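One structure is given below, encoded as structure tokens.
Here is how names work: the chains are called A, B, and so on, in the same order as the sequence lines, proteins then strands, and each is numbered from 1. On a predicted model such as this, the values are computed, not experimentally measured, just so you know.
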Amino acid sequence: MNIDYTLNELIAVNLSKEFKNGEVGFTGLATGGPAALYITAIPLVAMELARRTHAPDLNIIFAGWIQNPDLSKLTRLPNAEYDETLRDIPCEGQYLTYPYQYSFRRGSISFGFGSGIQIDKQGNINSVCIGNHDKPRVRMVGPIFLPEHFSMFGREYVMMPHHEKRAFTNKVDYITGVGYPDGKKGRKKLGLTRGGPELVITPKCIFDFDKIKGKIKVRSIHPNVSLKDLQDSTGFELGNLNNIKNTKSPQKHELKIIREDIDPHGILLGNN
Amino acid sequence: MNIDYTLNELIAVNLSKEFKNGEVGFTGLATGGPAALYITAIPLVAMELARRTHAPDLNIIFAGWIQNPDLSKLTRLPNAEYDETLRDIPCEGQYLTYPYQYSFRRGSISFGFGSGIQIDKQGNINSVCIGNHDKPRVRMVGPIFLPEHFSMFGREYVMMPHHEKRAFTNKVDYITGVGYPDGKKGRKKLGLTRGGPELVITPKCIFDFDKIKGKIKVRSIHPNVSLKDLQDSTGFELGNLNNIKNTKSPQKHELKIIREDIDPHGILLGNN
Amino acid sequence: MSFPKRSKKIINLEDAVKNINKGDTIAIGGFAIYQRPMAFVREIIKQKIKNLTVIGVTNSIESDILIGANSLKSIETSYVGFEKYGLAPNFRNYAEKGKIKVIDYPELICIDRFRASQENLDFWPAAGLGGTDIVKLNKNIKKFLCPITKKILHAVPAAKPNVAIIHALAADEFGNIISPSYKNMAQSLDILISRSCENTLVTVEKIVSNNFIKKHPNLIEIPNHRVKSISLAPFGAHPTSMLGKYSDDEEHWNEYIRASDNNESFKKYINKYIHSSKNNDDYLNKIGGAHLSSLLQVDTQK
Amino acid sequence: MSFPKRSKKIINLEDAVKNINKGDTIAIGGFAIYQRPMAFVREIIKQKIKNLTVIGVTNSIESDILIGANSLKSIETSYVGFEKYGLAPNFRNYAEKGKIKVIDYPELICIDRFRASQENLDFWPAAGLGGTDIVKLNKNIKKFLCPITKKILHAVPAAKPNVAIIHALAADEFGNIISPSYKNMAQSLDILISRSCENTLVTVEKIVSNNFIKKHPNLIEIPNHRVKSISLAPFGAHPTSMLGKYSDDEEHWNEYIRASDNNESFKKYINKYIHSSKNNDDYLNKIGGAHLSSLLQVDTQK
């Protein structure tokens with residue numbers, strides 16, 4: 001039986017299985033279509049799906065300050081952190097003193113979602129610049145909250161909306177968030193006692209990490225993506241991919257929950 | 001011309017002259033008649049008098065969280081920090097997040113008022129215990145906010161409701177707040193870069209400090225107190241007091257402001 | 001489609017107290033004589049849990065009663081006293097007999113110790129402690145120099161409570177706690193300690209619906225995932241006050257203080273109000289409906 | 001009896017800006033694209049004050065416009081961008097040409113730097129920075145070990161702004177500032193920076209009576225003694241928003257972004273809205289009464 005689903009649905013469903021009951025998931029707010037889709041909309045659907053399947057006690061933190069929003073009341077994807085749209089959405093808590101009074105540093109957040117312009121083989125992420133820092137070829141917004149995502153959250157899902165050679169590189173030009181230099185051991189030596197990237201999710205595949213060796217590896221390749229396409233779009237060697245499995249297709253009942261209950265108007269995942 | 005005044009009025013008027021325009025004065029809340037009179041009521045009257053004479057921009061912080069209360073609306077001296085009496089008194093600000101978010105440590109407070117069970121020649125104060133700490137002869141409440149009074153406020157007025165030998169001692173049994181061990185130099189060596197006791201005010205005299213030598217000395221003796229009485233009530237040598245001046249008597253207009261404007265019902269200073 | 005159900009966090013006070021073990025280090029919510037989780041504390045005494053350490057800021061009857069019931073081995077705080085009701089009788093008595101270990105910290109530093117725990121730091125950098133006996137008598141405070149300016153500082157150890165206990169206005173069954181928007185020290189510290197510890201046990205005046213929570217999301221400063229259990233305990237702070245809800249019970253404070261005059265009378269007090277009370281409802285009946293009603297406040301401030 | 005009069009802190013915006021000197025390190029209130037003291041920033045540009053350093057948390061148009069007007073020498077922050085309006089054009093352009101020094105800090109650490117100043121610490125102890133280029137490129141961050149557990153930490157330098165500038169709802173003539181009780185990051189950070197600096201210059205939407213202040217004492221989180229001057233500047237955050245009062249001006253943001261396309265058009269923009277505007281009133285007339293009215297919000301939340 002062949003079920004029809006979109007790439008966004010594929011990613012959301014696979015992500016949802018990563019979350020355990022009782023955990024707390026953190027999304028920030030990105031803007032611009034692809035970034036917003038990957039670090040806000042897909043994670044929200046994935047977490048809501050987890051709540052409706054195996055993790056009813058999962059807490060969703062939306063835009064850094066809205067706890068367990070009623071997503072069915074969304075009329076559009078909010079594009080500002082502090083405007084009426086988020087202020088007025090029904091929810092179970094507003095962390096108004098976020099973030100400086102809150103215990104994110106203590107480990108309140110089980111996992112988060114982040115993105116950058118580059119990620120490398122060790123899982124380091126870059127959101128600052130391409131080229132020399134003091135006169136860069138491309139200057140981006142800055143570190144923002146990524147160093148915190150990569151050190152104080154329990155784990156980080158790196159969401160990359162574009163799978164291109166220049167973004168998946170041997171070594172990032174600027175380390176905003178630290179991956180696994182010399183593995184978990186290396187993190188510890190740097191004083192990083194928790195957290196780090198868990199998966200890297202792209203339109204073509206899902207990466208995970210050999211956390212001992214400190215090396216990224218392909219966990220699964222999305223259906224209809226060729227091994228050659230994947231390697232050609234990636235700036236570092238992927239090694240032998242012959243035994244790589246396909247990313248698991250969504251089940252019918254999972255798609256039904258997404259389409260009928262979580263995102264009936266296609267505000268989050270679109271109607272593509 | 002002889003003007004009739006009370007000891008409380010004498011102290012309040014003399015204190016008021018210590019405050020400069022634009023300063024911020026801090027009172028906590030003590031309970032029990034004598035302590036409350038000395039660290040709360042007299043300071044409030046003194047500060048209000050300063051506001052009405054030479055320091056209109058003086059800010060009063062009452063009970064640690066009420067800014068510039070309308071004292072004429074007091075119907076009794078409040079005896080609790082967080083009850084309706086203080087919540088409902090008209091004022092210009094309530095520091096509800098006091099004290100941990102506030103910039104007391106940055107130097108917001110010009111001066112404060114504190115007391116203890118012992119004070120010694122160097123100006124060290126004790127509010128913790130008499131005798132050995134782990135099995136004391138007398139155990140008092142603890143350090144409370146005094147270490148902060150003596151290190152982060154600009155200066156401290158020590159208000160001692162009883163002038164007795166056992167309270168004015170060569171060396172306190174426990175240093176809660178640091179005076180001038182080896183003078184100001186000694187404070188600096190301990191990392192204390194600001195603050196310290198300025199005056200010690202008692203029912204018999206006003207002490208100040210030789211801040212270079214780090215030694216308490218009598219600044220003035222209250223009218224009608226004999227030199228012998230003063231020395232007999234003090235646990236350390238006062239030295240030659242022959243040239244000591246009398247504490248300055250209040251002026252008629254100062255008493256008029258206190259009696260008619262600040263404390264018309266005698267709620268603060270009593271009618272004694 | 002039927003979805004899995006969320007877990008409820010409501011348990012009996014009796015069961016909640018079973019989370020406390022002999023020898024634990026506990027933080028008790030409230031401030032001085034305000035909003036203390038007294039119903040919870042009474043149940044600790046009823047269950048005869050011993051050898052506890054209280055880490056506090058300013059403490060009063062919630063610790064004094066534990067001391068008098070021989071439940072505390074030590075207390076780390078800036079103050080134990082009853083404010084307008086004078087000195088804390090059991091604390092003073094036990095301290096002077098050397099029967100309780102007292103570790104003194106300044107008031108602000110006591111709060112900093114919880115801030116350190118909240119932010120996962122093992123210490124807090126404190127200025128202004130030099131020369132005090134607070135430092136001299138406490139080997140856990142370490143002198144160090146500011147890494148940037150080399151100024152003298154002291155590293156004060158984080159609070160690190162095993163368990164935190166607070167009394168709050170209301171919660172839903174999932175454990176989202178309502179704090180009033182007009183807060184003072186008691187509520188501010190409750191929020192802080194809930195963020196300093198993974199075992200926060202909460203008693204509440206009222207259980208409200210999840211819809212009520214959704215109507216007031218800005219009042220949720222302690223979200224369900226910071227809370228281990230919720231137990232219903234109306235008038236749970238009695239005889240301390242809950243500003244905006246009820247005043248402190250002056251009559252009962254005085255009864256307590258009189259009872260603390262000697263061992264025998266204190267035992268009688270504990271027996272009457274704790275050991276021979278079945279539960280919090282039974283306690284409240286002993287205090288009396290009319291008397292409790294007389295403590296209720298009018299509050300139009302949200 | 002006549003008593004001496006309290007000093008008033010109200011001065012013209014033009015005079016307030018004279019408190020800023022060439023080379024100063026300034027903190028600018030608000031957060032990202034919310035509640036920025038834009039009227040004040042425009043007056044800085046009008047008075048051609050140069051060589052400034054901005055110490056921030058997340059920055060947007062308030063810094064981008066200063067960069068485009070050649071007023072900034074450097075910026076220390078976690079973010080310069082326009083959120084939903086995309087990248088900050090002048091920031092990006094100047095950074096890529098090496099014409100502005102950018103010192104990167106993580107978002108929470110940016111806030112910690114102000115907390116350090118608030119508490120008179122010269123550093124803040126930060127965990128989790130090891131291995132980042134944030135540390136590698138910044139000689140002012142010093143590695144040190146926790147004095148108690150010897151865990152690896154980094155000492156991040158305090159913010160230490162010379163001057164802080166914020167835009168607020170209202171103030172009385174003595175300088176007591178009203179903050180809404182429903183606050184978000186913009187107002188929280190404004191309060192924090194007012195406590196980190198002895199030169200806080202405030203613009204307000206409205207001057208209110210001292211009696212109004214006395215009616216709402218719980219809204220005074222920035223008392224007069226933390227404030228150096230008050231200047232009236234209605235719509236003083238335009239084109240950024242003031243949640244509960246007015247929305248951001250999407251049309252004007254887009255005009256600004258179009259103008260930032262090249263030097264000439266940006267000069268034209270600055271000339272039209274700043275150099276050839278007499279004052280804030282004149283600016284508001286250029287934006288237009290009807291257009292400003294269309295931005296007003298309905299807010300029943302206090």
Atom OH in A/Y82, atom CG in D/L243: separation rounded to 0.5 Å?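 So the OH of A/Y82 and the CG of D/L243 are separated by 10.5 Å.
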Nearest 0.5 Å, please: how far is NE2 in A/H149 from CD in D/E107?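 Between atom CD of D/E107 and atom NE2 of A/H149 there are 8.5 Å.
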Do you know the tightest heavy-atom contact between [X] and [Y]?
| X | Y | result |
| --- | --- | --- |
| D/F91 | A/M140 | CE2-O, 3.7 Å |
| A/F145 | D/L108 | CE1-CD1, 3.5 Å |
| A/E81 | D/F31 | OE1-CE2, 3.7 Å |
| A/P143 | D/Y105 | CG-O, 3.7 Å |
| A/R87 | D/V298 | NH2-O, 4.2 Å |
| A/E148 | D/I109 | OE2-N, 3.7 Å |

Measure A/R187 against the heavy atoms of chain D and call it side chain, backbone, both or neither at under 4.5 Å.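 Looking at A/R187, nothing touches chain D.
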Chain D heavy atoms under 4.5 Å from A/L192: which part of the residue, side chain, backbone, both or neither?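 Side chain only.
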Is it the backbone or the side chain of D/Q35 that comes under 4.5 Å from a heavy atom of chain A, or both, or neither?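 Neither the backbone nor the side chain of D/Q35 comes within 4.5 Å of chain A.
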Go through the atoms of D/I134 and report whether side chain, backbone, both or neither lie under 4.5 Å from a heavy atom of chain A.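 Both parts, backbone and side chain.
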A quick test of your reading: do over 12 heavy atoms of other residues, nucleotides or ligands sit less than 6.0 Å from [atom1] of [X]?
| X | atom1 | result |
| --- | --- | --- |
| D/K136 | NZ | no |
| A/D210 | CG | yes |
| D/E251 | CD | no |
| D/K245 | NZ | no |
| D/Q297 | CD | yes |
| A/K188 | NZ | no |

May I ask you to name which of D/G130, D/G98, D/S78 has the most heavy-atom pairs under 4.5 Å with chain A?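 Looking at each option in turn, the highest pair count goes to D/S78.
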Winner by heavy-atom pair count (cut-off under 4.5 Å) against chain A, out of D/P106, D/A32, D/A95: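 The option with the most such pairs is D/P106.
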When you look at A/Q94 and D/Y182, which way does the side chain to side chain contact (heavy atoms under 4.5 Å, CB included) test go after all the steps? CA-CA 10 Å; A/Q94 299 184 327; D/Y182 185 89; 2.6 Å; yes
Partners meeting salt bridge (charged side-chain N to carboxylate O under 4.0 Å, His left out) with D/K101 (sequence neighbours left out):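 None.
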Find the one option among A/D83, A/L146, A/V138, A/T193 whose heavy-atom pairs under 4.5 Å with chain D are most numerous.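 Sorted descending by pairs with chain D, the first entry is A/V138.
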A/V141 and its side chain to side chain contact (heavy atoms under 4.5 Å, CB included) partner, picked from D/L87, D/T58, D/V80: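 Passing option: D/L87.
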Show me, pair by pair, the donor-acceptor contacts under 3.5 angstrom made by side chains of residues 141-153 of chain D, not counting sequence neighbours?
residue: D/K142; atom: NZ; partner: D/K139; partner atom: O; Å: 3.3
residue: D/T149; atom: OG1; partner: C/D122; partner atom: OD2; Å: 2.9
residue: D/K151; atom: NZ; partner: C/D122; partner atom: OD2; Å: 3.1

What residues of residues 125-135 of chain A sit under 4.5 Å from chain D when only non-hydrogen atoms are counted?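 A/V128, A/H133, A/D134, A/K135, listed by number.
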For chain D, which residues from residues 165-185 of chain A lie under 4.5 Å away (heavy-atom distances)?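 Residues in range: A/D173, A/Y174, A/I175, A/T176, A/V178.
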